[in-house]
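Take this structure, written in structure tokens, and hold onto it; I'll ask about it next.
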Amino acid sequence: MKSNRVRLHQVLLFSFLLLLLLSGTQAQTRIIDSLKHKLKGAIDDTNKVKTLISLDSTLNLESLYAEALETGDEIIRLSEKLSYPKGITEAYDHKGTTYYYRGDYGDALRNYFLALTAARKIGDKKKEAYVSTNIGNVYSDQGNYAEALRIFDVALRISKEIGYKLEIGNIYNNIGVVQLNLGNYPEALRNNFLALKMRQEEGSRKRDIAGSYNNIGNVYERQGNYNEALKHHQLALQIRQELGDKYGIAMSFNNLGNVYSDMGNFEEALKSHQSSLALHKEIGDKRNLSTSYNNIGVAYQNLKNYQEALRYFIYGKEIRNEIGDQEGLGQSFSNIGNAYTLLHKLSEAKSNLDSAERIFLRIGQNPGLEETYSVFTRLDSAAGNFRQAYDHFKKYLVFHDSIFNQENSKKTVRAEMNFEFDKKEAMARAEKEKITAVAASESRKQRIIILSVSILLLLIFAFALFAYRNYRIKNRINLRLEIQKKNIDDSIRYALRIQQSILPKQLFLSGEVKEHFMLYLPKDVVSGDFYWRHPKGRELFFAAVDCTGHGVPGAMMSMLGYDLLEYAVKDKGLREPAEILNLMNSQIIEKLNTNQGQTATDGMDLTLCRFNLDTRELVYAGAKNDLFLFSGKELIPLRVTKCSIGYSARMEYTQSSRLLKNNDLLFLFTDGYSDQNGGPEQKKFMSRNLKNLLEEISPLPCPEQEYRLLSAFKDWKGNFPQRDDVLLVGFRV
């Protein structure tokens, strides 16, 4: 009878969850339909962008990833059309999240870095902190804990600087996850309690509070405190069921299964993990799908069904290898090694355990090493290699003791006590401060009223004597100034529209190069730096140009430079970069009348290239601005003529050529980046520092290179004004 009652209870619980999920899904479907209806016939404006962003978020929540990515592309297209950088930032962030949910970490990082660069360009520190946290989460899931902690620290600094308390809670939560994976349980618990406290105080979303309960439960489970682990996981599950959060419910079932397994209730563990697996398959979450496969394997292993356990471990390993989850891959190799040991296939066991050890040593995952050395000990004993078993057992003890020592236990208790004490103390302090504040407020109010009336009476008479006369004078002056300012602003905006209309939207189109970036930071509204391209058959001409001056004078020079490039290539049909520069030099000297014994003060520095898209031959010439080529593991300077265009009628420019190899990376730039003042000694950034920075970031994807360059520039500049226009282009063939 007892068994029947338990089954009835489980059926009722399952039915309740099914109804809850269906009702949540129907509600989300109604929201999606409503947003799509709102978009029908909507004009192309920022309100339409905001509606698309809301639709994108809802599609992600419903795991409709393909449609979410299409919506993200639509947001980018419309935002670029409207020159709405905030929309572009949001779109790349949302696309990064979609790829993250799918377990496509490479695409997630690429889009997050594009979002981060866009956020920094518009000075949106709140978004910068938020996206940095997302990047840290990807690194954490990849097992790159050092990089995750580094970027979480950056996000935490920004969030504290701007008082972004909600994100501070999220960052503490994520640091706790990393510390858990590193086996630093007291620090993991401390950060998770800080996150929970911050989220409760700020009235955060229930989804985030459930996440804190979930992570605290994970720490307790690792420490063997199963009652506390169950309590916190059930608190998380309860909230997630109320929200109809399929992703969160699947995670809670997974974690409850782990605790049941640790408690020896393997049948219940298997049921929980199978429920988690079904939900992860439904929402298409590769990362957690691999975790469910792994945990079902553990459950079968505990039930002595080793062959079935091995099958599920291999399913999980294949997904983790596909998505680049290093920590999970190490865990899979360790579990497969253990299954082979139990099946007495010792050579297969050793091969997999060796792979697990290499991964865990590389990423510094202490709990993984502890478990792997424990399995090694069993393998060596089964093989009769007792000396090796003894050595592996000593290594197991070293990592076990580093995780579970007396000081760590004290820190854990201290973290719990601090959380409870802080909560009670805060409540008592708030009540006391409320009473004191009311009394003080009344007294202060009376004093302020008396003092204010007295001062006001004294000032009114004096002010009335000259206020009217000054009012009329100021009105006349302000009116003249406003008219002048409006005329100037209108002229500059018109100049910007002209400049934007002639510049190409991108220096490289899809398919011309593997990837590229362009860091373009005008000092003023309009710029003296510009970029230019002209395709001619299967050859592509392109240039990065720095004209004398910046702002309106620089922009006027840039128009002249742009026209001369167009004239030389399109009208005159010149093909050799050196001939084009020689023509530009003579034309600028003639047009600016600097050849009549006068000293030239106006001209331009530039790099001009002709690139064959089929043969990858690069022919280049330059006036003062060198190029840099990253080939293999070396950054090579490509030297050009050291004289600006327009400074000498006798100058003859020369050209060089080079055959580029697969994955070669080329950089073109003006001097604005290296000439920027800043740093601790308030000096220029300098060309050598730029060269070192380019060499350091060259192996990275181009979107991350752009972010690193922008970050370094802003960090160096600090509170100093920008000195000159900045243009820096990179592309990989």
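Owing to the predicted nature of the structure, the values given are computational and were not obtained by experimental measurement. All residue numbers in this chain count up from 1 along the given sequence.
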Identify the heavy atoms of S252 and R240 that sit nearest to each other, and give their distance.
OG-NH1, 2.8 Å
Can you check side-chain contact (heavy atoms from CB on, under 4.5 Å) on D73 and K95, steps first, answer last?
CA-CA 8 Å; D73 290 335; K95 286 186 71 176; 2.7 Å; yes
Inspect the contact between K127 and E90 and indicate whether a charged nitrogen and a carboxylate oxygen are less than 4.0 angstrom apart.
yes
What pair of heavy atoms forms the shortest contact from G217 to A229, and how long is it?
O-CB, 3.5 Å
Of all the heavy-atom pairs spanning S159 and I171, show the shortest one and how long it is.
OG-CD1, 3.6 Å
Could you list all the ring-ring contact (aromatic ring centres under 6.0 Å, His included) pairs where at least one residue sits in residues 313-353, not counting sequence neighbours?
Y293-Y315, Y312-Y315
Indicate the atoms forming the closest heavy-atom contact of H94 with S57, along with that distance.
CE1-OG, 2.7 Å
Is there a donor in the side chain of N173 and an acceptor in the side chain of N215, or the other way round, less than 3.5 Å apart?
yes
Does some side-chain heavy atom of Y112 sit less than 4.5 Å from a side-chain heavy atom of Y92?
no
For atom OH of Y164, decide whether the heavy atoms of other residues, nucleotides or ligands shown that lie under 6.0 angstrom number more than 12.
yes
Going by distance alone, is a donor N or O of one side chain under 3.5 Å from an acceptor N or O of the other, for N255 and N214?
yes
Does the side chain of Y260 come under 3.5 Å of the side chain of E267 through a donor N or O and an acceptor N or O?
no
With a 3.5 Å cut-off and no angle check, do the side chains of T98 and N60 form a donor-acceptor pair?
yes
Look up atom CG in N352 and atom OG1 in T372, then write down how far apart they are to the nearest 0.5 Å.
10.5 Å
Within a strict 4.5 Å, meaning less than it, do heavy atoms of the E515 and P703 side chains meet?
yes
Straight-line distance of L369 CG to L361 CG, nearest 0.5 Å
5.0 Å
With a 4.5 Å limit on heavy-atom distance, are the side chains of I168 and Y172 in contact?
yes
Is the distance between the ring centroids of Y220 and H232 less than 6.0 Å?
yes
side-chain contact (heavy atoms from CB on, under 4.5 Å) assessment of I209 paired with Y213
CA-CA 6 Å; I209 293 172; Y213 283 133; 3.6 Å; yes
Considering all heavy atoms, the nearest F360-Q331 contact
CZ-N, 3.3 Å
Is any side-chain N of the basic residue among K350 and D354 closer than 4.0 Å to the acidic one's carboxylate O?
yes
Report yes if the side chains of E371 and S334 come closer than 4.5 Å at any heavy-atom pair, otherwise no.
yes
NZ on K345 to CG on L310, rounded to 0.5 Å
7.5 Å
Below 4.0 angstrom, N of the basic side chain to O of the carboxylate: do K286 and D104 qualify?
yes
Can you find a side-chain donor-acceptor pair between S212 and R199 that sits under 3.5 Å?
yes
Strictly distance-based, threshold 3.5 Å: is any side-chain N or O of E147 a donor or acceptor partner for the main-chain N or O of Y139?
no
D153 side chain to L149 backbone, donor-acceptor under 3.5 Å
no
Judged by modelled atom types alone, do N218 and E221 share a side-chain donor-acceptor pair under 3.5 Å?
no
With no hydrogens and no angle check, is any side-chain donor or acceptor of S132 less than 3.5 Å from a backbone partner on E128?
yes
Is the closest side-chain heavy-atom distance between I32 and L64 below 4.5 Å?
yes
For R222 and L180, indicate whether the former's side chain and the latter's backbone hold a donor-acceptor pair under 3.5 Å.
yes
Mind checking the CG-CG spacing from L342 to N338? Nearest 0.5 Å is all I need.
5.0 Å
Using only atom types and a distance under 3.5 Å, with no angle test, would you say the side chain of T341 pairs donor to acceptor with the backbone of G337?
yes
For the residue pair Q238 and Q234, establish whether any side-chain heavy-atom pair is separated by less than 4.5 Å.
no
Looking only at the side chains, is there a donor atom on one of R320 and Q326 sitting less than 3.5 Å from an acceptor on the other?
no
Do R190 and Q179 have side-chain N/O donor and acceptor atoms under 3.5 Å apart?
no
For residues Y100 and D141, determine if any side-chain heavy atom of one lies less than 4.5 Å from a side-chain heavy atom of the other.
yes
When rounded to the nearest 0.5 angstrom, what distance separates CG in L189 from CG in N191?
9.5 Å
Note: R708-E696 ion pair, threshold 4.0 Å (strictly below)
yes
Any luck finding a side-chain donor-acceptor pair between N288 and N254 under 3.5 Å?
no
Evaluate the criterion side-chain hydrogen bond (donor to acceptor under 3.5 Å, both in side chains) for residue pair E318 and N321; output intermediate values, then yes/no.
CA-CA 5 Å; E318 289 170 351; N321 188 50; over 6 Å; no
Please examine the side chains of I239 and R207, heavy atoms only from C-beta on, and report whether any two atoms are closer than 4.5 Å.
no
Between Y373 and E357, is the side-chain hydrogen bond (donor to acceptor under 3.5 Å, both in side chains) condition met? List the steps.
CA-CA 8 Å; Y373 287 132; E357 181 186 26; 2.8 Å; yes
If you compare all heavy atoms of A129 against all heavy atoms of A155, which two are closest, and at what distance to 0.1 Å?
O-CB, 3.7 Å
Residues R102 and D107 bridged, charged N to O under 4.0 Å:
no
Give a yes or no on whether the backbone of L700 and the side-chain of Q705 come within a donor-acceptor separation of less than 3.5 Å.
yes
Can S140 and N174 be counted as having a side-chain donor-acceptor contact under 3.5 angstrom?
no
Given N134 and D93, is the side-chain hydrogen bond (donor to acceptor under 3.5 Å, both in side chains) satisfied, shown in steps?
CA-CA 9 Å; N134 289 341; D93 178 39; 3.1 Å; yes
With no hydrogens and no angle check, just 3.5 Å: does a side-chain donor-acceptor pair link K317 and N335?
no
Gap between atom CD of E67 and atom CG of L59 - 0.5 Å precision
4.5 Å
Any chance you could lay out the side-chain contact (heavy atoms from CB on, under 4.5 Å) test for V177 and N181, step after step, and finish with the verdict?
CA-CA 6 Å; V177 171; N181 288 326; 4.0 Å; yes
Quick one, E167 with T133, criterion side-chain contact (heavy atoms from CB on, under 4.5 Å). Give me CA distance, side-chain angles, the key distance, then yes/no.
CA-CA 8 Å; E167 193 60 20; T133 305; 2.7 Å; yes
Is the ring centre of Y99 less than 6.0 Å from the ring centre of Y105?
no
